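Data first, discussion second: the structure below is written as C-alpha cells.
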Amino acid sequence: MIERTRSIDIAARIILIVGVAFILAPLVIAFLTATLSYEQFVRNGGITLQVGTHFLDNLAYIWTETALPAQLWNSIVISTLVAAIKCAFAFTATFALVFFDNRLNRIVFGLTLVTVMLPLELVVITTYQIVANIAMPLNWILALTGLGEITGLGSDLRLSLLDTYVGVAAPIACASTSVFIYRQFFLSLPRDLPKAAAMDGAGPWRFMWDILLPLSWTPLVATFMFWFIGGWTQYLWPLVAASTPDAQPAVVGLARLATTEQDRIPEVPMLMTGALFVSFIPVLLIAVMQRQIVRGLNLSEK
Amino acid sequence: MTIKSIILPVLAFSALAPAAHAADIEFWHGNTGETEAAILAHCEAFNASQDAHTITCIGQGGYEAGMQKAIAAYRSNEHPALIQFFDAGTLDLMLSDAVLPVSDLLPDVDWSDYNTGARGYYETSTGAMFSQPYNGSTLVFYANMDMLGEVGVTEVPQTWERVIEVARLLQADGHACPFVTDGHPWRVLEQFSARHGTAIATNNNGYGGLDAEYNFNTGPVADHLANLAAWREEGLVRLNADTAAGNYVAAFNAGECAMMEASSGSFGGIRAALGDAAALGMAPMYEGVERRNTFIGGASIWVMKGHEDADYEAATAFLNFVRETEQQIEMTRMTGNLPVTMTALNELVASGRATEPEFATAEMGVASLNQPGNENSRGIRLGFYVQFRDVFIEETQRAFNGEQPMQTALDNAVARGNELLRRFEQTYQGVALP
Amino acid sequence: MQKGFYSGRWTYAALVAPILVLIFLFFYVPVGLAFFWSLFLERPFGGGSQFVGLDNFARVLSDAEFWDALKRTAIFMIVAPSLAIGISLMLALAADRGLRGSSAARNIIIWPKAVAGASIGVVFVFVFNPFLGIFAPLNEIWPGFWNPRIDGTDAFITIVVAQVWNGIPFNFIILLSGLQTIPDTVTKAAVMDGASPWRRVWDIQIPLLTPQLFLTFVLEFVGTVVEAFGLIDTMTEGGPGGATTLLIYKIYVDGFKAYDLSGAATQTVILMLFVLIMVALQFRLEKHVKYER
C-alpha cells in the first residue's frame, strides 16, 4: 500500500509507549523496592531507582517466615477448581441453550446471566450462611413438606464447606460469564452444523463431544486461563470463607501481612516481595499464554 | 459432567476434616504481632502442661474479623468453645444469648480479685462476670525523653496544658511532630471521658438501660476535640496521615514524633525501638479535674453456648490456666499488657521484678485502672458500639480534613450514634440488660 | 434467540442441570436470603428475629450515608469504566497497527489482569504514599499538595487509577481481537475509496467494534462495583472521612464489622436492583449489536 501512515504510526507508537509505561510503573517500583533491605529502604525514605541486592533475602524470608508458600498452593487448587467448574458447566449448558429448541432457553439463559450482573461480593453475607451449612435449603424443604419427619432425616442436617477448597471455589464459579462468551461463539458458528452432523448420524452428545468441543478448544482454553486467573485474584469471598491462614489463598495472606505490625514503619520491601510472589504465577501464565488467550476470546472467529 | 462432580469432592473434603474428640476445643483470638505470640505461647504451654485436653488457638487477624466469623459460625453451629472479644463488643455479646457468663461456668473463682476497671467493664448489674479479662491494657502516655530533653524538659507531662506547653517548645525547636494521635475514639473519647469522670451517653453510658442517648457533643469531650483540631491547625498535634510513618505508634517509634497517648500493650514494641528514651506516664488530665479510673482495653475471653460438657471442662481448665499468676506475668513480659488480677500484680511487685523495664507499664497501668471511679467510669454499655466507633472516626476525620467544623462532626456523630442505639433497642425488644 | 436444532428434553435437562444446581445453591439461595433478611430485623447471633416489613428500607433510604455511598458508587461506575475502556480502545487501535515491538507491548498490557486488586492495592498504597511515593517530591515543593490519607479527592483518585490499571487488560484483549477480525476486504475497499487511516478509525474500525464495546461495557460496569472492594480494603479502608466508601464497601462494613445483618441485606437488595436496572438499560442496546458479520 502506498498510503501515508506516518502521522498515525507516530501517534500509535506514543500511545503504546505511554500505555506500557503506565502498566509497568507500579510493577517496576515494586520490584526495585523488593530488592532493598528494610534498613536501606528506611534510609532512602522513598522510591529510588537503586537496585539493591536483597531480593533473594526478602524472598527467602517470605518463603520461610510467612504462610504465603502454603497459601500459594491453596490458590492453585482453588483457581483450578473455579476454572474447571466454570468451563465445564457453562459449556454443556450453553450447548443446550444454543442448539436445543426448548422453551426454557430464555429462562435458563436469564438465570445464568443474572449471576454475571450480581457478583458474589454483593451477597457475601448470606452466601457465608449457605456455605456454612449447604444442607440449609434441603432443611427448608424437609421442614416445609414434612418429609423430614416421614423419612426420619429431621430438618437440621449440617454440612459446612467453610475452610474447604470446594467451599471457597463453588460460589466464585457461579458467575456464569462463560455462558455469555460461549453463546456468542456458538452463535457465530454455521447454523447448519448440527444438521450436517445429524446427517452423519451423530446425536446431540456425539455432536457436542466430537464436533463442538474440538471447535471450541480455543475459547475453552482461553476462558479456562481467564477463570483460573480470576479465581486467583478473588479477595473478599476467600477472606470471609477461609477463617484460618491455612485455608486462605495467597492474595488474602498478602493483605493480612500488610495490615499486621502497625507499630513500626511497614516492611515495604518485604510487602513488595510478597506482592510479586503472589502474582508471579498468573502473570507468567498470562505472559506465556497471551496468544492463546487473545485468540480464544476472539468473539467472532472467521 | 453430572451432579456427582459436585457431590464427590464435597464428600471427599468433609471426610478430610479432622474428627473432633471430646476434649479438643478451639479458641479464636483476634490479635497479631507480639500479643498473638504471647497467646500462642499460652496455648502451647497449656497443651504441654496436661494430657486431658487440647486447645487449638486460631488467629482471626483482628477483633472485628473474629467477632464476625464467630457470629456466622454461631448461626451455623460451627463456633468455638472459647473466643476472645474486644471491649467494644461487650453489650452486643451480653444480649446475644450466645455466651455463657464465666462466673456461671466457674463459680468458685474469686472474681473480685480482678482490678476495678476490668470488673466494671465485664460485670453485670448483679455482679456476675460475663467474660474473663485476658489481655488487658489501658491508655497511657508515652514521651521520647531524648527529644523532650532537647528542649530542657525532664519530666513526663501530666496535664494537657503541660503537653501543649512542651509541644510549643518542641515546635519552636524545629520538631515537626510534637504530639501524635490517630484520633481513635478509644483514646480521644472513651478513655478521655472515663478519666475525666464524664459520660459519653446518658444512663451512665448505658448501664442504666437500652434507652441511653449519646451526649458528648457538649462538655469536656467536645472541648477537648475542638482543642485537638485547633492544635493540629497550629502544627502541635499530628494525625496518622500527617506522619511519614503513616501510623502514630510507628511515627513515635521511628523518632518522628515526641509524645503520644497509646495502649499499654504497645509498650513491647516501643521499648524495642527506643530503649530507655521511652518514658511512661498516666494519660494526661485537664487541670482542675479530679482523675478517675481509665477503662480496660484489650480483650477478654468469652465462653460460647452450645458445646458438650467435656468441652466446657477443657475450657474451664484453660481459663484457670491463663489466670495463673505466672501466665499473666508472662503475658505482661512479652507484650506490655497488664496483669488483670490484683494477686498477679502484687506478686509481680513482691518479686521485685516490677521495676524491670519490660514491666514498666504494669504498675502504672493498673494504678490508672484503679483510680477512684464514678458512675461514668465503669465502662461502656452501648449497643452496636463497634459501628459507632467507625461513625465517630468518619465524622471527626471530616472535621480534621476541614470539610466541617468539629462541632458539626460531633453533632453528626451523636445523631448517627443515636440512630444506632434506637435500632439496637428495637432489635433487642423485650430483652433486659443483665 | 435463534431456534435450536435438537429437542430431547432429558438430554437438555442433563446438560443444564449442573450449572443450575450450582447457581441455585450458591447464588440464588443467598440472594433470596438477602431479600428475606431485608424484611426482618435480625439479631447478629440469630434467634428472636422479627418481621418489620419495609422498615429496613425506610431506614436505609432515609440515611444520608447510604445516599452518599450510592452517589460515590455511581460516579465511580461512570468514571472508571469510561477511562478503562477509552484507554483500552486507544491502546487496541495503536496495537492493531502491527508496528515493530507492538507484540511485546500487547503482551505487557495484559499483565495487570493477572494481578489481584488487593495485591496491586498494597503496591499502590506505597506508590501514592505522600511521604515515600512518587508525589513525595511535589509535596516538598508544595506541602499538602498530595495526601490521599487526608484528602478525600486524592484518595478517590488513587482508587480510580488503580481500578483503571486493573481494568485495562480485559477490555484491551476484547477490543483488539475485535479489531483483528475486521475483514481485510473492508479495509481494502476503504483504502480504494481514499479513506485515510485516521478516517478509517472513525468510519470503519470503531463502528465495527460495537459488539465488543458493548460486551466490555457490560462486564466492566459490573466488575467495577466488585473489584473496587479489594482496592478500597487494602488502600483506603473507605476513608478518609468516608470519601472512598462505595456501597459495596459500606455493605461489607455494615454486615461484617457492625453486625447489622438486616441493614446490610437491605442495602444488598437495593444495590442489586440498582445494578440490574443499569444493566437492563444497557441491554436495550443489544438490539443495535450484531454478532455476525
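Chain A is the first sequence line, chain B the second, and so forth, proteins listed ahead of strands; every chain is numbered from 1. Owing to the predicted nature of the structure, the values given are computational and were not obtained by experimental measurement.
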Can we call the ring centroids of C/Y249 and C/F229 under 6.0 Å apart?
-> yes
C/Y252 portion near chain A, given a 4.5 angstrom heavy-atom threshold | side chain
Exercise: do A/W232 and A/S279 side chains pair donor with acceptor under 3.5 Å | no
With a 4.5 angstrom heavy-atom cut-off, which part of C/A34 approaches chain A: side chain, backbone, both or neither?
-> both
Could you tell me whether the side chains of C/Y6 and A/N102 share a donor-acceptor contact shorter than 3.5 Å?
-> no
Contact class of A/A11 relative to chain C, heavy atoms under 4.5 angstrom | side chain
Measure C/F124 against the heavy atoms of chain A and call it side chain, backbone, both or neither at under 4.5 Å.
-> side chain
Cut-off 4.5 Å, heavy atoms of chain A, and the answer for C/L20 is side chain
Give, as side chain, backbone, both or neither, the part of A/Q290 having an atom under 4.5 angstrom from any heavy atom of chain C.
-> side chain
C/I168, part contacting chain A, at a heavy-atom distance under 4.5 Å | side chain
Beyond-backbone contact of A/V179 with C/I19, side-chain heavy atoms, under 4.5 angstrom = yes
Taking the six-membered ring for Trp, are C/F24 and C/Y28 ring centroids under 6.0 Å apart?
-> no
Identify which part of A/V114 has an atom lying under 4.5 Å from any heavy atom of chain C, answering side chain, backbone, both or neither.
-> both
So what's closer than 4.5 Å to chain A heavy atoms on C/I134: side chain, backbone, both or neither?
-> both
C/I120 versus chain A, heavy atoms under 4.5 Å apart: side chain, backbone, both or neither?
-> side chain
Region of C/L176 that comes under 4.5 Å of a non-hydrogen atom in chain A = neither
Can you say whether C/V269 sits under 4.5 Å from chain A via the side chain, the backbone, both, or neither, judging by heavy atoms?
-> neither
Between A/I229 and chain C, which part of the residue has a heavy atom less than 4.5 Å away: side chain, backbone, both or neither?
-> side chain
Indicate, with yes or no, if the rings of C/F5 and A/F99 have centres closer together than 6.0 Å.
-> no
Which bit of A/P137 is near chain C, if near means a heavy-atom gap under 4.5 Å: side chain, backbone, both or neither?
-> side chain
Using non-hydrogen atoms only, which part of C/V275 is less than 4.5 Å away from chain A: side chain, backbone, both, or neither?
-> side chain
Okay, A/I15 and chain C: the region with an atom under 4.5 Å from a heavy atom over there is both
When the 4.5 angstrom heavy-atom criterion is applied to A/M208 and chain C, the contacting part is side chain
Proximity breakdown for A/I85 and chain C, heavy-atom pairs closer than 4.5 Å = side chain
Under a 4.5 Å heavy-atom cut-off, does chain C meet the side chain of A/L239, its backbone, both or neither?
-> side chain
